[in-house]
Amino acid sequence: MPTQSEKHLYEYAVVRYMPLVEREEFINVGLIMMCKRRRWLRVAIHCDEARICALYRNADIEVLRTQLASFERISSGKQSPIGDLDVHERFRWLTAVRSACLTTSRPHPGKTTDLDSTFNRLFSELVM
């Protein structure tokens, strides 16, 4: 059992909505964070319709919400063959480089004693 002061190595990536891939303009819409040793994976999504429509007025918000829900399903390990993979494998699958309207930043590492607090702070700073 880990102690309160034990530092955990984690990786995180920002989930981005890029409506026109060739323009490379994006809005941060979520965060995914993983700690392999603790077998911990968390995703949070914030779909700000006003910001998205300001960037791309023809955005189909309902389709986007459906696509974003897949990130949450896969991270939780529910209803998906990918959900059967280990935490670090799901993180790698979700953060793989792809040319699509939903993409992620490159993963960034860090160390923390409190994964949940660090996740909440990063989510507030990078997505909200």
Side-chain angles (χ1 to χ4, degrees):
M1 187 75 173
T3 64
Q4 287 288 20
S5 62
E6 181 182 352
K7 291 239 180 187
H8 305 288
L9 179 63
Y10 67 88
E11 292 181 66
Y12 74 92
V14 179
V15 180
R16 298 171 170 167
Y17 173 58
M18 191 180 315
L20 299 171
V21 176
E22 52 280 347
R23 289 186 62 148
E24 296 186 12
E25 298 169 336
F26 62 85
I27 294 174
N28 293 344
V29 294
L31 183 73
I32 179 169
M33 188 167 134
M34 179 266 305
C35 177
K36 182 178 178 180
R37 182 169 296 220
R38 294 283 311 273
R39 294 187 170 138
W40 183 93
L41 180 65
R42 186 169 164 196
V43 170
I45 301 296
H46 177 69
C47 190
D48 186 333
E49 188 173 338
R51 287 181 69 199
I52 291 166
C53 290
L55 176 66
Y56 186 64
R57 69 176 175 262
N58 297 326
D60 188 334
I61 301 298
E62 288 311 309
V63 169
L64 176 59
R65 287 184 196 282
T66 301
Q67 293 169 339
L68 288 168
S70 69
F71 270 76
E72 293 173 315
R73 257 191 330 277
I74 290 166
S75 71
S76 69
K78 296 178 185 171
Q79 304 170 350
S80 167
I82 297 161
D84 293 337
L85 299 174
D86 287 337
V87 165
H88 67 281
E89 292 172 311
R90 281 184 272 152
F91 180 82
R92 296 286 173 246
W93 192 88
L94 288 167
T95 60
V97 175
R98 57 183 60 99
S99 177
C101 68
L102 279 183
T103 186
T104 62
S105 67
R106 289 187 162 201
H108 304 283
K111 277 191 164 186
T112 185
T113 56
D114 187 337
L115 292 166
D116 288 312
S117 292
T118 301
F119 181 90
N120 293 335
R121 178 183 55 78
L122 289 170
F123 186 76
S124 293
E125 290 174 5
L126 301 173
V127 180
M128 298 302 289

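This one's a predicted model, so the numbers in the text were calculated from it and none came from an experiment.
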Atom CD in E11, atom OG1 in T95: separation rounded to 0.5 Å? 7.5 Å
Tightest non-hydrogen contact, residues E25 and P19, listed as O-CD, 3.8 Å
Which is it for T112 and F119 under the side-chain contact (heavy atoms from CB on, under 4.5 Å) test, yes or no, and what are the steps along the way? CA-CA 10 Å; T112 185; F119 181 90; over 6 Å; no
Grab the two heavy atoms, one from R90 and one from L85, that are nearest each other, plus how far apart they are. NE-O, 3.0 Å
Is the number of heavy atoms from other residues, nucleotides or ligands within 6.0 Å of CD (E89) greater than 12? yes
Check the hydrophobic clustering (I, L, V, M, F, W, Y; side-chain heavy atoms under 4.5 Å; chains of links allowed) and say if M128 and L122 are grouped together. yes
Hphob cluster co-occupancy, Y10 + L126, side-chain heavy atoms under 4.5 angstrom: yes
On a heavy-atom basis, the closest approach of V87 and W40 is CG1-O, 3.5 Å
Rounded to the nearest 0.5 Å, the NZ atom of K7 sits from the NZ atom of K111 at a distance of 7.5 Å
If you take all heavy atoms of V127 and G30, which pair is closest and at what distance? CG2-O, 3.4 Å
With clusters defined by side-chain heavy atoms of hydrophobic residues (ILVMFWY) lying less than 4.5 Å apart, directly or transitively, does F123 cluster with I52? no
CG of L94 to CG of L102, rounded to nearest 0.5 Å, is 10.5 Å
Check whether R42 reaches the backbone of M33 with its side chain - one donor and one acceptor, N or O, closer than 3.5 Å. no
Do V15 and F91 sit in the same hydrophobic cluster, where Ile, Leu, Val, Met, Phe, Trp and Tyr count as joined when their side-chain heavy atoms come under 4.5 Å apart? yes
For Y12 and T118, run side-chain contact (heavy atoms from CB on, under 4.5 Å): C-alpha distance rounded to whole Å, both residues' side-chain angles, the deciding distance at 0.1 Å, then the answer. CA-CA 10 Å; Y12 74 92; T118 301; over 6 Å; no
Shared ILVMFWY cluster between V21 and V29, side chains joined below 4.5 angstrom? no
Determine yes or no for a side-chain-to-main-chain donor-acceptor pair under 3.5 angstrom, with R16 supplying the side chain and T103 the backbone. no
Under 3.5 Å, which donor-acceptor pairs do the side chains of residues 59-71 form with other protein atoms, sequence neighbours left out?
unit_1: D60; atom_1: OD1; unit_2: E62; atom_2: N; d: 3.3
unit_1: D60; atom_1: OD1; unit_2: V63; atom_2: N; d: 3.3
unit_1: T66; atom_1: OG1; unit_2: E62; atom_2: O; d: 3.0
unit_1: S70; atom_1: OG; unit_2: Q67; atom_2: O; d: 2.5

Working to the nearest 0.5 Å, report the span between CD of E6 and NE2 of H8. 5.0 Å
How far apart are the closest heavy atoms of C35 and L115, and which atoms are they? CB-CD1, 3.8 Å
Atom pair CZ (R121) and CG (L31), whose distance is rounded to the nearest 0.5 Å: 10.0 Å
Separation between CG (N28) and CG (D48), nearest 0.5 Å, reads 11.5 Å
What closest approach, in Å, do I27 and R51 show between heavy atoms, and which atom pair accounts for it? CD1-O, 3.2 Å
